[in-house]
Amino acid sequence: TEDTAKAGVSVTATAKGIKVLLTVPTELLDDSEVDLSQDILGDFIEAVAYRLDWMCLQADGTDDDVDGGFTGIFSGGTAAVAASGNTTVETLDFEDVTATMLATDEAVMQRAACWYIHPHMLVRLLHIKDANGRPIFLTATEAPSPGAIGSILGYPVKISPAAPNENAASKPIAAFGDPMALAVGLRTNF
């Protein structure tokens with residue numbers, strides 16, 4: 001960060017491996033008639049992509065095989081707390097979503113900010129409408145966003161199965177921000 005650079009603190013990057021476990025029946029490997037390379041490569045790519053998503057989104061900083069010492073945006077971001085009584089995604093309202101955006105530094109909102117959310121959480125958010133009764137989520141057909149499935153209040157939505165999916169009080173729901181800058185998490189109230 002800027003403050004770190006001003007203080008003269010240096011950052012050391014350390015390369016770490018991503019471990020994945022793939023299960024392939026021995027019978028398939030022994031069968032010379034079947035080429036499994038494409039299937040195994042596809043499984044490997046999917047597993048590595050999930051691990052990268054986990055480290056970027058939910059890792060809690062623990063230096064173990066799950067988090068690898070990384071801190072994801074849902075664990076390290078600034079939480080915007082929902083209004084009193086809004087303890088599940090279904091009870092959130094328009095003001096809770098805008099509060100998340102208002103808790104973000106204005107410089108981030110001028111950059112390539114977007115929403116990060118689990119697909120199930122997005123489905124739960126679909127009921128939220130603005131003061132004019134319009135849905136806050138617009139599909140990519142209604143509001144095209146490169147690389148996104150749609151947008152929430154004009155910012156692209158990126159879905160990931162590695163994002164949190166627990167619909168309970170004090171649990172993160174979505175993250176808003178620029179991955180190159182700051183992130184603010186949206187969570188329900190205590």
Side-chain angles (χ1 to χ4, degrees), residues 1 4 11 13-22 42-82 86-90 92 96-105 107-109 111-126 128 136-137 139-140 145-190:
T1 66
T4 305
V11 177
T14 304
K16 296 185 178 190
I18 296 176
K19 300 172 187 164
V20 296
L21 176 65
L22 300 176
D43 290 346
F44 178 75
I45 290 169
E46 187 177 315
V48 169
Y50 182 86
R51 295 303 311 147
L52 285 170
D53 279 357
W54 177 270
M55 288 185 287
C56 292
L57 297 174
Q58 283 206 68
D60 65 8
T62 306
D63 194 7
D64 60 10
D65 287 342
V66 176
D67 297 329
F70 291 92
T71 301
I73 59 176
F74 282 95
S75 297
T78 303
V81 180
N86 296 356
T87 58
T88 64
V89 179
E90 291 80 12
L92 292 176
D96 294 322
V97 177
T98 56
T100 302
M101 296 171 72
L102 290 171
T104 306
D105 188 277
V108 173
M109 296 178 74
R111 297 171 54 119
C114 59
W115 293 92
Y116 298 92
I117 191 166
H118 188 282
H120 292 163
M121 287 297 194
L122 179 59
V123 171
R124 292 178 181 120
L125 280 175
L126 292 178
I128 300 176
I136 62 166
F137 174 76
T139 66
S145 299
I149 64 160
S151 64
I152 293 177
L153 301 177
Y155 290 93
V157 174
K158 311 278 180 146
I159 58 170
S160 173
N165 187 28
E166 189 175 346
N167 187 15
S170 300
K171 297 297 180 184
I173 296 165
F176 175 74
D178 178 1
M180 302 304 289
L182 306 170
V184 176
L186 168 66
R187 66 183 174 97
T188 54
N189 197 2
F190 289 98

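When reading the values below, keep in mind they use all heavy atoms of this one structure, side chains included, and skip hydrogens, waters and symmetry mates. Predicted, not measured: the structure shown is a model, and the values here were computed from it.
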Q.
I'd like to know whether Leu92 forms a side-chain contact (heavy atoms from CB on, under 4.5 Å) with Leu125, so could you lay out the CA-CA distance, the side-chain angles of the two residues, the decisive distance to 0.1 Å, and finally the verdict.
A. CA-CA 8 Å; Leu92 292 176; Leu125 280 175; 4.1 Å; yes
In short, Ala148 meets Ala140 closest at the heavy-atom pair O-CB, 4.1 Å
### Query
Hey, mind stepping through Val97 and Phe137 against side-chain contact (heavy atoms from CB on, under 4.5 Å) and telling me if it holds?
CA-CA 11 Å; Val97 177; Phe137 174 76; over 6 Å; no
Taken to the nearest 0.5 Å, the spacing of Phe70 CZ from Asp63 CG works out to 9.0 Å
### Task
Check for a donor-acceptor pair, side chain of Gln58 on one end and backbone N or O of Ala162 on the other, with a separation under 3.5 Å.
yes
Next on the checklist: When you measure from the side chain of Ser75 to the backbone of Ala59, do you find a donor-acceptor pair of N or O atoms at a distance under 3.5 Å?
Outcome noted: yes
The reported gap from NE2 in His120 to CD in Glu166 (rounded to nearest 0.5 angstrom) is 14.5 Å
Evaluate the side-chain proximity of Ile152 to Phe176: yes if any heavy-atom separation is below 4.5 Å, no if none is. no
Rounding to 0.5 Å, atoms CD1 (Ile117) and CG (Leu57) come to a distance of 11.5 Å
Note: Pro156 and Cys114 closest approach over all heavy atoms is O-CB, 3.1 Å
Between the CD1 atom in Ile128 and the CG atom in Asp96, the distance rounded to the nearest 0.5 Å is 7.0 Å
Heavy atoms of Asn165 and Met121 approach each other most closely as C-CE, 3.6 Å
Shortest non-hydrogen pair, Ala107 vs Arg111, comes out as O-CG, 3.3 Å
Compile the donor-acceptor pairs under 3.5 Å between side chains in residues 42-51 and protein atoms, sequence neighbours left out, one pair per line.
| residue | atom | partner | partner atom | Å |
| --- | --- | --- | --- | --- |
| Arg51 | NH2 | Val66 | O | 2.2 |

Problem - Polar side-chain atom of Tyr116 near backbone of Phe74 as donor-acceptor pair, under 3.5 Å - result: no
Heavy-atom side-chain contact between Asn167 and Glu90 under 4.5 Å = yes
Walk me through whether Ile173 and Thr100 qualify under side-chain contact (heavy atoms from CB on, under 4.5 Å). CA-CA 11 Å; Ile173 296 165; Thr100 302; over 6 Å; no
All heavy atoms of Trp115 vs all of Met101, minimum pair found to be CZ2-CG, 3.7 Å
By side chain to side chain donor-acceptor pair (under 3.5 Å), Ser160 pairs with (sequence neighbours left out) Asp53
